[in-house]
Amino acid sequence: MKPFISFVIKETRHILRDKRTMLILFGMPVVLMLLFGFAITNDVKNVRTVVVTSQRDHQTQAAIDRLAASEYFTITATIPTPKEAERLIRSQKADLAVVFAQDFASKHSGVQFIVDGADPNMAQQWTTYAQQVILNPQNSMVNLKLLYNPRMKSAYNFVPAIMGMLLLLICAMMTSVSIVREKEQGTMEVLLVSPVQPLMIIVAKAVPYLLQALLILLIILAMSATVLDVPLQGSLGWILLVSFIYILLALSLGLFISNVAQTQFVALLVSAMMLLLPTVMLSGMLFPVESMPRILQWISAIIPPRYYIQSMRKLMIMGVGIGEVWQEVTVLSGMTIALLVAALKNFNKRLTV
Amino acid sequence: MKAFGTFHAVDDISFSVRRGEIFGFLGANGAGKTTAMHMLTGLNQPTSGTGRVCGYDIRTEYEQIKRHIGYMSQKFSLYEDLTVSENIRLFAGIYGMKDDEITAKTGKLLRQLKFEDHANDLVGSLPLGWKQKLAFSVSIFHEPGVVFLDEPTGGVDPATRRQFWELIYDAASRGITVFVTTHYMDEAEYCDRISIMVDGKIRALGTPDDLKRQFQQPDMDHVFTYLARQATKSSD
């Protein structure tokens with residue numbers, strides 16, 4: 001037990017003395033949270049809107065007032081012809097044009113939207129919102145109720161995604177780099193010639209990174225609750241437990257990478273390319289898995305963050321119990337065990353040959 | 001014998017080293033030195049044949065061997081971001097030394113190396129020669145039966161190399177067997193006995209003076225070149 005503790009202390013010293021890496025590790029979550037929370041957002045807000053109408057009857061004016069009053073749209077101009085509106089959009093002076101037909105007042109219909117479709121998702125959102133605002137007066141038959149995220153804030157979506165991405169990246173990258181560094185510097189050879197058990201070296205390496213990851217997780221959760229106003233609906237205990245499984249998975253992945261990589265540079269590259277890209281593109285973080293082509297859906301099925309992010313959305317935002325995420329947790333646990341066994345087997349083989 | 005597929009890296013070598021002897025293990029790059037060393041330190045298993053280190057069988061009792069040897073690798077092998085005393089404590093702890101024993105011995109060692117003022121310096125900030133001396137001292141800190149040195153003085157200046165060899169003599173006089181590989185022929189002259197490997201076989205074995213007489217060469221440099229030229233396997 002004593003050598004184990006002294007190894008944990010040694011690893012902790014490695015981490016604490018590398019100030020620059022520490023700064024990146026703890027700075028990254030904070031910066032990402034602020035960026036995604038405030039700057040990078042696909043919330044509909046202040047869309048520059050021009051109104052096209054040739055007459056000012058009561059009904060049309062009421063619709064325009066409703067648009068102007070909503071926080072989603074800012075009316076920048078009122079012009080007579082659709083041609084003019086198109087010109088404004090093409091010259092980047094407006095995002096959306098709402099064209100009222102001559103007989104809008106009498107028929108309660110006849111609205112055309114002209115929209116900058118360069119970003120199709122946003123264009124879709126703007127028109128949907130505008131439709132709701134214009135055609136949804138008090139006596140409407142259709143009513144919309146948003147569960148879990150009534151204000152439609154994108155932070156609700158991003159916080160679990162950032163957790164999934166950061167924890168994987170930090171744990172896998174840091175363990176693989178730290179093991180490969182010992183190979184590169186020749187200290188691993190000295191350790192292998194010594195009486196310490198290789199397994200102990202690895203476990204001792206994982207402990208400080210595990211603690212660090214949990215700390216980062218707590219920072220993210222605290223920031224999301226206080227700065228981004230994303231409330232924690234579910235129980236903190238379950239969130240931590242699922243995260244713990246996920247962190248173990250990421251650590252195993254790091255160990256696996258360290259078996260393959262011979263230099264720190266390769267370890268970094270492999271971690272970044274193999275983990276970051278699929279996580280961002282295929283885990284459902286940015287693009288919904290359901291709308292991917294079938295083959296990408298299959299690939300995304302083996303990407304661990306997908307299950308973690310899914311379960312975190314359910315636990316944190318929807319506030320369901322652990323019973324509702326048992327599928328994700330089972331998949332994650334299975335993946336963790338498989339990865340850990342594969343990595344350890346590979347690791348032992350390398351030592352005896 | 002150690003075979004990798006059909007390639008016999010180490011083929012039919014046989015030698016014994018006495019306690020407290022300084023045994024030089026020479027050979028051109030690729031001659032099989034490192035493989036032989038890995039088998040003796042338990043990093044590798046021989047394909048056939050056997051050997052004993054400190055009385056333990058290298059095929060079955062390598063866990064025991066690991067306890068009773070010291071090792072200094074070709075690459076510098078201490079942690080650069082730990083201090084001198086942290087490194088000593090870590091490696092001494094690995095070999096199961098007691099805390100008070102470590103503390104007492106650390107003080108003695110630092111005085112001997114004249115390192116007292118640098119006990120709390122990061123190893124990375126020390127000059128290379130100092131690091132090598134420190135790495136050697138750490139590798140024999142637990143008083144092993146044998147210490148294996150894999151090209152310990154690569155890149156070190158001649159003056160520091162002399163000091164390094166004084167440390168080796170000191171260790172040998174305390175009864176620690178020193179098994180050292182080197183490419184410096186002046187260092188080969190310092191050894192009690194040397195062996196020269198060519199193509200995975202030992203082609204010469206004896207004291208430096210014996211070998212010079214046997215191959216009728218004026219110094220070790222010539223002996224080595226004479227033997228290495230007979231190599232048929234690629235050597236870079």
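A quick note: this is a predicted structure, and the numbers were derived from the prediction, not measured. Naming convention: chains lettered A, B, ... in sequence-line order (proteins, then strands); numbering from 1 in each chain.
Interface residue A:E184: only backbone heavy atoms are found under 4.5 Å from chain B. Of the two parts of B:L90, only the side chain, counted from C-beta on, holds a non-hydrogen atom closer than 4.5 Å to a non-hydrogen atom of chain A. Contacts of B:H68 with chain A are absent, with no heavy-atom separation under 4.5 Å from either backbone or side chain. Interface remark: A:I9 contributes no atoms to any contact with chain B (heavy atom separation under 4.5 Å). Interface remark: B:M37 contributes no atoms to any contact with chain A (heavy atom separation under 4.5 Å). Interface remark: B:L78 contributes backbone atoms only to the contact with chain A (heavy atom separation under 4.5 Å).
Heavy-atom contacts from other residues, nucleotides or ligands closer than 6.0 Å to CE of A:M281 number 12 or fewer. Within a 6.0 Å radius of OH in B:Y169, other residues, nucleotides and ligands contribute more than 12 heavy atoms. By the neighbour-count criterion of 12 heavy atoms within 6.0 Å, atom CZ of B:F15 is densely surrounded, having more than that number from other residues, nucleotides or ligands. Counting non-hydrogen atoms of other residues, nucleotides and ligands closer than 6.0 Å to CZ of A:R20 gives a total of 12 or fewer.
To the nearest 0.5 angstrom, B:Y95 atom OH is 5.0 Å from A:S194 atom OG. With rounding to the nearest 0.5 Å, the separation of CD in B:E63 from CD in A:Q197 is 5.5 Å. Taking CG of A:L191 as the reference point, atom CZ of B:F91 lies at 5.5 Å (rounded to 0.5 Å). Atom CE of A:M200 and atom CD1 of B:I94 lie 7.0 Å apart (nearest 0.5 Å). Taken to the nearest 0.5 Å, the CD atom of B:E80 stands 11.0 Å off from the CZ atom of A:R181.
With a 4.5 Å cut-off on side-chain heavy atoms, A:K10 and B:R89 do not count as touching.
Between B:S77 and A:G186, the shortest heavy-atom contact is CB-O, 4.0 Å. What you find for B:D81 and A:R17 is that their closest heavy atoms are O-NH1, 2.8 Å.
The closest side-chain donor-acceptor pair between B:Y79 and A:Q185, if any, does not fall under 3.5 angstrom.
Judged by distance alone, with hydrogens and angles left aside, the side-chain atoms of B:K66 form a donor-acceptor pair with the main-chain N or O of A:L192 at under 3.5 Å.
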